[in-house]
Protein chains: 2
Amino acid sequence: MSDKKKPANQTLRLDNQLCFALYSTSLAMTKMYKPMLDANGLTYPQYLVMLVLWEEDGLTVSQIGERLFLDSGTLTPLLKRMESTGLLLRLRDTEDERRVYVGLTAAGNSLRRTATDLPSCVQSLTGCSLSEIVSLSENIKAFRQRLMR
Amino acid sequence: MSDKKKPANQTLRLDNQLCFALYSTSLAMTKMYKPMLDANGLTYPQYLVMLVLWEEDGLTVSQIGERLFLDSGTLTPLLKRMESTGLLLRLRDTEDERRVYVGLTAAGNSLRRTATDLPSCVQSLTGCSLSEIVSLSENIKAFRQRLMR
DNA sequence: AACAATTTAATTGTGCGCAATATTAAATTC
DNA sequence: GAATTTAATATTGCGCACAATTAAATTGTT
């Protein structure tokens with residue numbers, strides 16, 4: 001019985017997979033955010049919804065989904081939880097009653113100020129320069145563009 | 001009532017967030033893999049476990065977790081599902097009965113051959129050169145290193 | 001007007017991801 | 001050698017993601 005390792009097929013090696021680099025790094029990023037988001041009563045996907053609404057309030061569920069690349073099966077329960085914690089309101093459009101508009105409450109709006117220093121916290125925790133972060137971010141977004149065609 | 005947009009706080013803009021670039025691109029990557037993995041009866045996290053075991057069979061749950069940065073709360077039910085679909089076996093160590101070893105079945109091993117052309121499929125679907133993919137992957141992994149310190 | 005097609009959101013069910021806790025077993029200490 | 005500590009896995013509960021389906025309302029066509 002030799003101590004046989006499989007012939008190291010480079011194409012299938014875990015550490016060569018871009019998908020795993022993305023997957024594991026995204027999860028690591030979420031873990032880094034978690035304590036700061038906990039302090040603000042948000043989960044990470046909820047934080048993303050807030051980023052969208054802080055940019056432009058009063059969007060429909062599907063408009064939020066377009067921005068975040070998430071569907072209603074993900075967003076509906078998430079938005080309901082956020083409504084129950086008082087961050088936003090869900091209002092059915094009276095003109096087209098299929099639509100549901102999502103609007104920030106005063107609490108949701110004021111949370112913006114405390115969240116402002118969150119990205120810089122992350123920057124200092126990683127020890128990366130802004131230009132490094134911007135460059136990596138742009139490269140990843142360019143790759144995402146190609147994936148989504 | 002002016003058509004007031006919020007002052008465009010650049011630090012909180014969704015499209016400037018590296019975390020969202022990672023998050024959305026990772027999810028997009030998983031969606032790209034999905035049809036190919038479906039054809040092989042695997043989910044994406046299950047595919048990652050297979051990559052680990054194809055490199056080195058007979059690891060414990062925690063060893064798999066170290067490679068994938070996932071904990072037992074994620075892996076235990078996932079491995080049980082994979083056991084029930086016949087890809088692997090879970091065997092408690094008789095020497096230290098706290099350990100559970102995970103070993104591939106013949107079916108799990110043979111799946112490796114059909115999976116070999118999966119990464120190249122992804123490459124052709126994205127239209128990226130190998131060097132582009134390698135470079136992006138290395139940059140992301142270097143960033144992950146910093147996050148995990 | 002009637003009816004088909006389209007749009008939008010909600011619902012249902014499965015599989016993660018992870019924190020917190022429990023359980024079990026081995027190792028260490030007293 | 002009994003008790004404590006440590007280590008490894010399992011369990012529970014919550015919150016996503018997403019496919020598939022359903023429901024409801026608008027639009028388009030005849």
Let's see if you can work this out: which of D:dA10, C:dT8, C:dA10 has an atom nearest to the side-chain heavy atoms of B:R92?
D:dA10

Residues which pass side chain to side chain contact (heavy atoms under 4.5 Å, CB included) with B:T116, listed by chain and number, not counting sequence neighbours:
A:N9, A:T11, A:L12

Please enumerate all residues that pass salt bridge (charged side-chain N to carboxylate O under 4.0 Å, His left out) together with [X], with sequence neighbours excluded.
{"X": "A:E97", "value": "none"}
{"X": "B:E66", "value": "none"}
{"X": "B:D15", "value": "A:R67, B:R13"}

So ring pair (Phe, Tyr, Trp, His ring centres under 6.0 Å) across residues 73-104 of chain B, not counting sequence neighbours, yields none

Hey, what bend do you get for the helix from C:dA1-D:dT30 to C:dC30-D:dG1 if you fit axes on five pairs at each end, rounded to 10°?
0°

Where along residues 37-51 of chain A does a heavy atom come under 4.0 Å from DNA chain D, residue by residue in number order?
A:T43, A:P45, A:Q46

Below 3.5 Å is the cut-off: list the nitrogen or oxygen pairs between protein and nucleotides 3-7 of chain C, distance only.
{"unit_1": "C:dT7", "atom_1": "O2", "unit_2": "A:R98", "atom_2": "NH1", "d": "2.4"}

Within-4.5 Å side-chain heavy-atom neighbours: B:Q17 and A:L48:
no

Output all residues satisfying ring-ring contact (aromatic ring centres under 6.0 Å, His included) with A:Y23, sequence neighbours left out; order by chain, then residue number.
B:Y44

For B:F143, all residues meeting ring-ring contact (aromatic ring centres under 6.0 Å, His included), sequence neighbours excluded
none

Could you list who else is in B:V134's hydrophobic cluster, with ILVMFWY side chains joined at under 4.5 Å, directly or through other members?
B:L130

Polar atom pairs between nucleotides 18-21 of chain D and protein, under 3.5 Å, N or O only, would you list them?
{"unit_1": "D:dC18", "atom_1": "N4", "unit_2": "A:G73", "atom_2": "O", "d": "3.2"}

